Amino acid sequence: MVNPDFIINILAPSLLEGLQMTIKLIMYSAPTGLGIGIIIASGRVYGNWLLSRFCRLYIVFFRGTPLLIQLFILYYGFPTIGISFSPFTAATLGFILCSSAYHAEYIRGAIQSIKSGQILAAQSLGMSKMSAIVNIVLPQALRRAAPGCSNEIIYLIKYTSLAFMVTCIELTGAGKIVASRYFEYTAVFLAVGAIYLVMVSAATHIFHNLERKFAIPGIE
Amino acid sequence: MEQNKELILEIKDIHKSYNGKAVLKGISFNVFKGETKVIIGPSGMGKSTLLRCINQLTVPDKGSVWLKGQEITHRDAKNINKLRQKIGFVFQDFNLFDHLTAVGNVEIALIKVKGMKKQEARNKAIFELKKVGLEKQASLYPAELSGGQKQRVSIARAFAMEPEIMLFDEPTSALDPELIGEVLSVMKELANEGVTMIVVSHEMGFAQTVADEILFLDGGKLLEAGPPEKIFCEPKYKRTKKFLSTLNELYGNVEGNKR
């Protein structure tokens with residue numbers, strides 16, 4: 001049986017501190033990742049040859065290599081060319097790059113499912129192509145991509161645990177430290193796992209409500 | 001015809017080819033204020049391409065288009081966006097914005113292009129929807145509208161921009177037969193109000209009652225043009241006659257229901 005004293009005085013404070021870092025990582029990388037994903041997807045579909053090519057390469061690179069390797073390159077590799085990031089910055093940057101590549105693919109699919117006639121109609125009313133993309137295409141594409149993008153953010157919540165590998169002490173890292181010091185692996189990791197489960201459930205609930213709130217007949 | 005009227009649109013020697021195949025081989029005609037021109041002709045002969053060349057959704061290979069003396073062709077992107085709002089365009093398959101309600105569809109360009117205040121745009125949009133008989137459907141989304149209602153919204157959307165001319169690209173051919181009438185009657189009303197329009201359509205009854213001139217487009221050229229009585233009763237060319245008789249077989253006798 002785990003000592004309640006250990007839970008209250010040692011485990012809870014460390015996990016709480018780690019959790020704060022985890023939430024900070026999510027809050028910085030989830031919206032930015034989504035935003036960049038939207039830009040990359042639009043660039044890939046509507047950009048000129050060069051931009052489209054660049055966006056495609058971006059996706060190939062960040063979706064095609066392990067996130068952990070990206071984090072290692074950012075944190076351990078970049079200082080050798082004179083660019084050093086703090087653990088938090090390196091982790092956040094890695095998460096943004098990786099998650100934006102996945103968002104971009106979900107959103108690209110959604111953009112391509114929208115009839116191109118709507119852009120023609122917007123242009124015939126005097127809108128520029130850019131305005132048509134922003135005002136007509138993206139509001140629909142984002143609704144269609146929502147299930148995929150929600151999924152990606154839920155994934156992100158869990159892969160923030162990789163931040164520990166570049167010495168950014170978040171929830172998993174804090175748990176690992178306490179667990180090895182006090183030799184309480186089972187209890188600590190059960191608690192850590194439960195906290196992730198709560199976060200994911202909360203996020204699922206929020207996304208579900210958002211999807212419902214912005215639902216429009218005929219667009220799913 | 002009607003030379004005393006103001007010249008709205010000049011189309012000069014428009015050429016367009018796709019993959020080496022010439023679709024339009026030098027089309028020229030003028031449209032005067034208040035005129036309704038109906039373009040007919042076999043499918044795949046460039047009727048839609050011609051309409052799109054007018055508002056530059058398709059860029060012609062050669063030739064020029066002038067709106068009230070202002071050249072529309074050979075413009076940079078920024079200028080053409082501005083000029084396009086003066087040319088209303090109604091598409092065969094409506095192309096309504098699926099994420100916006102009927103009123104949203106009509107008001108978005110008023111806000112984003114004309115820079116109207118939201119309330120002002122809303123009032124104008126409701127006014128235009130009323131004109132096409134859809135004020136009750138203002139808050140419905142495209143998925144909740146019938147085909148005929150969608151097309152009426154798209155007419156209201158184009159007309160709200162107060163264009164100099166309206167272009168209709170087979171506005172009824174994607175509709176179920178029982179819904180065609182409501183769209184045609186809106187178009188007739190516009191024509192009677194003196195709206196200048198070019199209509200690509202095979203609705204011969206509409207052409208007969210509303211058109212000032214029928215243009216027969218075949219083989220990439222304007223084969224024949226004239227008032228409906230002339231085109232329908234005494235066409236100059238065999239090709240025109242043959243085409244009209246095909247339509248007759250499909251839609252019933254054109255000459256039988258003259259005005």
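What you see is a predicted model; the values in this text were computed from it and never measured. Residue numbers begin at 1 in each chain, while the letters A, B, ... track the order of the sequences.
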message = Taking every non-hydrogen pair under 4.5 Å, which of B:I87, B:V90, B:I108 racks up the most with chain A?
response = B:I108
remark   = One option among A:I216, A:I114, A:I219, A:I119 has the most heavy-atom pairs under 4.5 Å with chain B, and it is A:I216
ask   = Which residue pairs satisfy the ring-ring contact (aromatic ring centres under 6.0 Å, His included) criterion with at least one member in residues 36-82 of chain B, sequence neighbours excluded?
value = none
request  = Can you measure from CG (A:L125) to CZ (B:F97) and round to the nearest 0.5 angstrom?
outcome  = 5.0 Å
query = With only heavy atoms counted, which part of B:L96 is less than 4.5 Å from chain A, the side chain, the backbone, both or neither?
reply = backbone
Produce the donor-acceptor pair table for chain B versus chain A, cut-off under 3.5 Å.
residue : atom : partner : partner atom : Å
B:N95   : ND2  : A:G117  : O            : 3.2
B:D98   : N    : A:Q118  : OE1          : 3.4
B:D98   : OD2  : A:Q118  : NE2          : 3.2
B:H99   : ND1  : A:Q140  : NE2          : 3.1
B:H99   : NE2  : A:N135  : O            : 3.0

message = Around atom CE of B:M116, are there more than 12 heavy atoms from other residues, nucleotides or ligands closer than 6.0 Å?
response = yes
key: Portion of A:I136 that has a non-hydrogen atom of chain B nearer than 4.5 angstrom   = both
query = Who among A:G117, A:A122, A:G218, A:P139 has the most heavy-atom pairs with chain B under 4.5 Å?
reply = A:G117
inquiry  = Tell me whether B:K188 at atom NZ has more than 12 heavy atoms from other residues, nucleotides or ligands lying less than 6.0 Å away.
reply    = yes
note = Nearest heavy-atom approach of A:P217 to B:A143 is O-CB, 3.5 Å
